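Below you'll find the structure, written out as structure tokens, and then a few comments.
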Amino acid sequence: MALPHTASGQVVDLLGGQVSDKTFALFKTQQLEVMRLVLPAGKAVPLHRVAGEITVQCLQGRLQFTSEGRTQLMCAGQLLHLAGGVEHSLLALEDTSALVTIVLRG
């Protein structure tokens, strides 16, 4: 059973719980989707692309973010923005959680 999305105005604790918790969407509207991505050490999100712009904010742990032939290390407290349509992949170097925001295209 899918977890319910948060309600408008509801406070969400992004750092609560264990890194071993599952990935889940916090909310999705017609224009925006926000999710908490959880990756155990060694787990990867393979090369893919989304139509809209994204942000990835590392909340806990460390990950490698690869796009446009460049790999960057992201640590807790760091944020990156990526233009829509750009291929990218992620690899958790340790147990990691991140806040991912996707601008949805109609």
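Index from 1, following the sequence. Fair warning: this is a prediction, and the values are worked out from it, not measured in the lab.
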Linked, directly or transitively: V103 and L99 (ILVMFWY side chains, under 4.5 Å): no
Members sharing L91's hydrophobic cluster (side chains within less than 4.5 Å): L73, L93
So the salt bridge (charged side-chain N to carboxylate O under 4.0 Å, His left out) pairs with at least one residue in residues 54-64 (sequence neighbours excluded) are R62-E94
Sequence neighbours excluded, which residues qualify as side-chain contact (heavy atoms from CB on, under 4.5 Å) partners of S8? none
Side chain to side chain donor-acceptor pair (under 3.5 Å) filter on E53, not counting sequence neighbours, yields R105
Closest heavy-atom pair and its distance - P46, S89: C-CB, 3.9 Å
Could you tell me which residues satisfy side-chain contact (heavy atoms from CB on, under 4.5 Å) with Q72, sequence neighbours excluded, listed by chain and number? R70
Applying the 4.5 Å side-chain criterion to the ILVMFWY set and letting contacts propagate, would V45 and L47 be lumped into a single cluster? no
Determine the minimum heavy-atom distance between T96 and C58, stating which atoms define it. CG2-SG, 4.2 Å
Listed partners of S67 passing side-chain contact (heavy atoms from CB on, under 4.5 Å), at least two apart: F65, L82, V86, H88
Any salt bridge (charged side-chain N to carboxylate O under 4.0 Å, His left out) pairs touching residues 72-91, not counting sequence neighbours? R49-E87
Between T6 and L26, is there a donor-acceptor pair closer than 3.5 Å when you use the side chain of the first and the backbone of the second? yes
Partner set under side-chain contact (heavy atoms from CB on, under 4.5 Å) for L32, not counting sequence neighbours: F27, T29, V34, T101
With sequence neighbours excluded, residues passing side chain to side chain donor-acceptor pair (under 3.5 Å) with T66: T71
In one Ile/Leu/Val/Met/Phe/Trp/Tyr side-chain cluster, 4.5 Å: F24, L59: yes
Hey, does the side chain of D95 reach the backbone of A41 with a donor-acceptor pair shorter than 3.5 angstrom? yes
Residues forming a side chain to side chain donor-acceptor pair (under 3.5 Å) with Q78, sequence neighbours excluded: none
Roughly how far, to the nearest 0.5 Å, is OG of S97 from CZ of R36? 4.5 Å
Quick one: do L104 and L37 end up in the same hydrophobic cluster if we chain Ile, Leu, Val, Met, Phe, Trp and Tyr together by side-chain heavy atoms under 4.5 Å apart? yes
Would you say T55's side chain and L80's backbone share a donor-acceptor pair under 3.5 angstrom? no
